[in-house]
Amino acid sequence: LPVALIDDVALFEREGGGWRMQRAGDAVAVADWSRPGRRPAFDVRLEGAAPRTVYLRVRHSDPIGFPLTWQPAAEAERADLREHLALGLA
C-alpha cells in the first residue's frame, strides 16, 4: 500500500479449509508484519494459473483513499531500497 500511516490492514487468502491472515499497520508491531517496512505490504502466494480470491481489509480512524499496487517481491524490494536511499540523501 502506498500509505505509510494506516491503522490496520489485513490480507486474507484461502489456505486448506480455512483462511490465512497477514496483518500490518500502526496497530500491529512492525516485527509482526509478514513484510516489515515503512508501509504495509503482503506476500500473496500465486500457484498455477487458477484464479485466486483474496480479501483486503483496511481500517483507519479517518477516511482514506489510495491506489492498490501489485508487484513481484523482487521489484517491491528494489523500490524500497531506492526509497530508503532517497530518504537518506534528503
Go through the structure and list residues passing ring pair (Phe, Tyr, Trp, His ring centres under 6.0 Å) with Tyr55, not counting sequence neighbours. Trp19
Where do Ile6 and Pro40 come nearest, in terms of heavy atoms and distance? CG2-CG, 3.5 Å
Hydrophobic cluster identity match, Val9 and Phe12, side-chain contacts under 4.5 Å: no
Residues in side chain to side chain contact (heavy atoms under 4.5 Å, CB included) contact with Arg20, at least two apart in sequence or another chain: Glu13, Glu15, Gln22, Arg45
Rounded to the nearest 0.5 Å, what's the gap from CZ on Phe42 to CG on Leu56? Could you check? 6.5 Å
Would you compute the distance between atom NE2 of His60 and atom CZ of Phe66 and round it to the nearest 0.5 angstrom? 9.5 Å
Spatial distance of atom CG (Asp26) from atom CG (Asp8) [nearest 0.5 Å]: 9.5 Å
Quick one: CG on Leu5 to CZ on Arg38, what's the gap to the nearest 0.5 Å? 8.5 Å
Side chains of Arg35 and Glu77: closer than 4.5 Å at any heavy-atom pair? yes
Taking all non-hydrogen atoms of both residues into account, name the closest pair between Ser61 and Asp7 and its distance. N-OD2, 2.6 Å
Let me check something: do Met21 and Val44 share a hydrophobic cluster, defined by ILVMFWY side-chain heavy atoms less than 4.5 Å apart, either directly or through other members? no
CZ-CZ distance between Arg57 and Arg23, expressed to the nearest 0.5 angstrom: 6.5 Å
Among residues at least two apart in sequence or on other chains, which ones pass side chain to side chain contact (heavy atoms under 4.5 Å, CB included) with Asp32? Val28, Ala29
